[in-house]
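Worksheet: one structure, shown below.
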Amino acid sequence: MSESTNTRTASQINITNVNIGNFQVGSISGTKYNDLNANGRPDGGDFPLPNWQLYLDLNNNNRLDTNEPSSITNGQGNYTFANLPAGTYQVREVQQPNFRQTTPNPGPINIASGTNVLNINFGNNFNAGTIAGTKFNDINSNGRLDAGEPPLTNWEIYLDLNRNNRLDGGEPVTRTNLQGNYAFVNVPADTYSVREVQQPGFRQTTPNPDPVNVTSNATINNVNFGNVFFVGNISGIKYNDLNANGVRDATDPPLANWQIYIDLNTNNSLDVGEPNTLTRPDGSYNFINVSPGRYLVKEVQQRGWVQTTPNPGAIDITGGTNAAGINFGNNFPTGSISGFKFNDLNANGINEPTEPKVANWPIYIDLNDNNRLEPNEPSTITNAQGNFSFINLGPGRYLVKEVPQPGFRQTTPNPTPIFVTNGTNATNLSFGNVVATGNISGVKFNDFNANGRLDSGEPPIANTQIYIDLNNNSRIDSGEANTFTDVQGNYSFRNVPVGTYVLREVLQPGFIQTTPLAVVTVSTTDLRASSIDLLTGDEVDRSAKSLNGDSLTDFRSDADVSASGQRAAESWLFSGDRGNYQVSDFLVDRPLTNSVNISSLGQQNVGLEPNAQINPIVKTDGIINWAIGKSVVTMGAIE
């Protein structure tokens with residue numbers, strides 16, 4: 001089956017209504033201008049505003065939304081919305097800061113085919129102004145800016161938006177320039193309170209400006225602030241009023257590090273919160289930026305000082321007051337105590353011309369009278385000439401003492417209490433001391449019966465070396481005092497310092513010692529001199545034995561030097577040169593210094609050997625008569 005086509009020809013049918021429709025799009029255009037006189041219409045002096053955004057508010061919500069057409073004014077302030085289909089449109093502008101729209105929003109615009117709506121214009125007025133003024137130093141405090149009054153730079157001026165008279169976060173603020181000028185520009189039209197941030201030491205002389213009404217394009221000048229520096233200074237000198245006359249003389253020195261204060265509550269004491277300062281090395285002090293008012297300036301008293309100037313009277317501070325010369329004089333009413341330390345060779349408690357002074361001896365003021373030097377007590381050391389002094393002593397009662405030294409005893413009584421007042425100078429206090437020494441002597445004998453005692457008929461042994469074994473090593477060493485027995489077997493050690501000593505002999509071939517080891521203590525606590533039984537340690541109730549009238553063992557007579565000037569069988573521990581008073585090599589392996597070298601005279605603590613006996617104490621100048629016995633031993637078989 002074949003298809004058939006119904007074809008008509010023009011001669012047979014008239015074809016109509018084959019139409020083609022078109023719509024001619026429309027447009028909306030206008031101008032954006034600065035309506036300087038805010039009359040809502042463009043005048044000759046009004047100028048275009050470029051770069052303003054206009055939009056078609058399709059949903060009529062008075063804001064530009066994402067899908068809404070917008071346009072930016074060109075350099076001539078013109079804008080256009082082209083190719084608009086038929087419809088009703090509302091044109092709006094996006095507001096800009098500090099401008100207000102002076103023309104009403106255009107009404108709805110109907111766009112039909114070929115409609116081009118012109119002169120949809122928008123007028124705006126710059127709805128902001130300027131506030132400006134000057135900050136000045138109102139020297140005469142008259143509240144006006146006068147010729148010659150200088151500017152004040154770097155002061156903060158602010159717009160007090162919440163009117164609480166303080167600068168808060170978010171409030172506009174600016175600083176005055178070198179000419180003291182400030183300005184707030186582009187201030188939206190409104191009413192403002194302008195204020196300054198106060199600075200220490202200044203007082204505002206102009207009233208706070210009245211509220212400033214800013215209108216469009218207005219410039220409000222001369223919103224000025226005057227201030228005057230109203231604080232003052234107080235200054236003076238603190239000095240040592242040597243003659244206590246209450247006037248600072250040329251010779252009166254300054255006093256540094258004294259505390260000066262402003263006694264705000266007038267209670268004569270420095271309290272927390274009261275201004276205070278310390279005087280400088282030149283004695284000066286000052287209080288700066290003192291607010292107007294009446295003030296009393298005082299000093300903090302220091303111990304021992306007396307204020308010689310009256311407290312200053314009330315000081316009135318007004319703007320720019322400089323109260324100088326507020327001085328304080330003080331005097332230290334002092335006295336002094338001085339004296340000397342001497343070696344009282346004859347122990348009579350009197351300093352005689354031949355008796356030397358003693359250096360390096362501690363002297364102190366015994367504040368608590370406990371006869372010992374405490375850490376807080378004043379002390380000094382005698383100088384090379386044996387002198388001492390305590391100066392700048394405040395008024396009071398003083399006890400002066402010496403620090404005892406080993407091996408010495410004080411021969412002078414402690415000074416009586418000394419009362420010091422202003423100008424007291426107590427001089428010539430003296431402390432005498434003597435070296436505490438003893439003598440050790442004895443006999444070397446042939447102990448026939450080996451009983452350890454010197455019996456009648458037992459002969460002496462001459463030329464035996466006796467020594468003081470300082471290091472207790474059982475042998476004679478260099479520097480150890482030693483001597484040889486004389487023909488009567490006698491030996492002696494003179495002027496032995498206080499201490500404990502071991503005496504030994506250098507054994508001779510063929511002899512053994514029958515007496516025990518001799519240990520003796522020389523002390524200042526016993527005045528006796530007695531004879532000791534070296535075997536039992538008992539005291540013999542008789543005077544120390546004198547052999548053949550030997551003066552060394554007879555303390556009732558003075559020792560004499562033989563015709564040759566030599567002493568036999570004795571050892572002198574102190575040289576005869578009293579001017580220097582050297583100690584021999586007896587105590588240590590080197591010469592000792594003079595008698596004030598206290599550390600060299602320490603007691604010798606010698607360890608004991610088996611069977612050693614500690615014998616009674618020997619007082620200064622006392623003599624102990626030691627008997628050291630030996631017996632001859634025949635070498636051979638012993639049954």
Side-chain angles (χ1 to χ4, degrees), residues 34 38 49 51-53 61-66 92-102 124-139 141 143-145 149-232 264 272-275 287-293 319:
N34 192 336
L49 291 174
N51 297 315
W52 277 66
Q53 195 170 25
N61 67 348
N62 288 310
R63 67 171 177 267
L64 174 60
D65 297 313
T66 305
R92 299 289 184 265
E93 68 177 359
V94 175
Q95 296 296 327
Q96 292 194 15
N98 299 328
F99 281 84
R100 67 184 176 88
Q101 190 173 327
T102 60
N124 282 73
N125 176 264
F126 185 71
N127 193 32
T130 298
I131 301 173
T134 300
K135 177 73 185 165
F136 65 98
N137 192 338
D138 191 6
I139 295 174
S141 299
R144 297 191 303 269
L145 175 57
E149 289 183 329
L152 292 174
T153 64
N154 208 36
W155 278 64
E156 283 186 310
I157 311 295
Y158 66 99
L159 299 182
D160 190 10
L161 300 181
N162 57 9
R163 292 174 171 79
N164 67 349
N165 288 310
R166 66 171 178 266
L167 175 59
D168 298 310
E171 291 182 330
V173 61
T174 187
R175 287 181 180 270
T176 58
N177 63 16
L178 293 176
Q179 290 74 41
N181 298 325
Y182 74 92
F184 294 96
V185 298
N186 295 332
V187 180
D190 205 340
T191 301
Y192 297 93
S193 292
V194 186
R195 298 291 183 264
E196 67 176 1
V197 176
Q198 296 296 329
Q199 292 194 14
F202 282 85
R203 174 173 59 88
Q204 188 174 329
T205 60
T206 54
N208 281 326
D210 292 330
V212 178
N213 186 27
V214 175
T215 59
S216 179
N217 294 304
T219 298
I220 297 95
N221 291 312
N222 297 317
V223 183
N224 299 333
F225 290 86
N227 285 71
V228 64
F229 189 72
F230 75 100
V231 296
L264 297 179
V272 175
E274 290 184 328
F287 295 97
I288 63 173
N289 295 333
V290 180
S291 299

> Under the ring-ring contact (aromatic ring centres under 6.0 Å, His included) criterion, do Trp52 and Phe99 qualify, and how do the steps go?
Replying inline: CA-CA 11 Å; Trp52 277 66; Phe99 281 84; 5.3 Å; yes
Close side-chain approach of [X] and [Y], heavy atoms under 4.5 Å:
| X | Y | answer |
| --- | --- | --- |
| Asn181 | Thr176 | no |
| Asn98 | Asn127 | no |
| Val197 | Tyr158 | yes |
| Phe184 | Pro172 | yes |
| Thr215 | Asn213 | yes |

Got a list of side-chain donor-acceptor pairs under 3.5 Å for residues 218-225, not counting sequence neighbours?
| residue | atom | partner | partner atom | Å |
| --- | --- | --- | --- | --- |
| Asn224 | OD1 | Thr134 | N | 2.8 |

>> Evaluate Val173 against Leu167 for side-chain contact (heavy atoms from CB on, under 4.5 Å), listing each step before the verdict.
In response: CA-CA 8 Å; Val173 61; Leu167 175 59; 3.9 Å; yes
Nearest 0.5 Å, what's the [atom1]-[atom2] distance between [X] and [Y]?
| X | Y | atom1 | atom2 | answer |
| --- | --- | --- | --- | --- |
| Gln198 | Glu156 | CD | CD | 12.0 Å |
| Gln95 | Arg63 | CD | CZ | 15.0 Å |
| Asn165 | Glu196 | CG | CD | 11.0 Å |
| Arg92 | Gln101 | CZ | CD | 8.5 Å |
| Phe126 | Leu49 | CZ | CG | 11.0 Å |

For residues [X] and [Y], is any side-chain donor paired with an opposing acceptor at under 3.5 Å?
| X | Y | value |
| --- | --- | --- |
| Gln53 | Glu93 | no |
| Asn34 | Asn125 | no |
| Ser193 | Asp160 | no |

Closest approach of [X] and [Y], non-hydrogen atoms and distance?
| X | Y | result |
| --- | --- | --- |
| Asn177 | Thr153 | O-CG2, 3.1 Å |
| Gly170 | Leu161 | O-CD1, 4.4 Å |
| Glu149 | Asn137 | CB-O, 3.4 Å |
| Thr174 | Ala183 | CG2-O, 4.1 Å |
| Pro209 | Val194 | CD-O, 3.4 Å |

> Between Val214 and Tyr192, is a side-chain contact (heavy atoms from CB on, under 4.5 Å) present by the stated rule, with each step listed?
Replying inline: CA-CA 8 Å; Val214 175; Tyr192 297 93; 3.7 Å; yes
> Is there a side-chain contact (heavy atoms from CB on, under 4.5 Å) between Glu171 and Leu159 once you walk through the steps?
Replying inline: CA-CA 6 Å; Glu171 291 182 330; Leu159 299 182; 5.8 Å; no
>> If the condition is side-chain hydrogen bond (donor to acceptor under 3.5 Å, both in side chains), which residues does Thr206 pass it with, not counting sequence neighbours?
In response: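 In terms of side-chain hydrogen bond (donor to acceptor under 3.5 Å, both in side chains), with neighbours along the sequence ignored, Thr206 is linked to no residue.
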>> One pair to check against side-chain contact (heavy atoms from CB on, under 4.5 Å): Arg175 and Tyr182. What are the steps and the verdict?
In response: CA-CA 6 Å; Arg175 287 181 180 270; Tyr182 74 92; over 6 Å; no
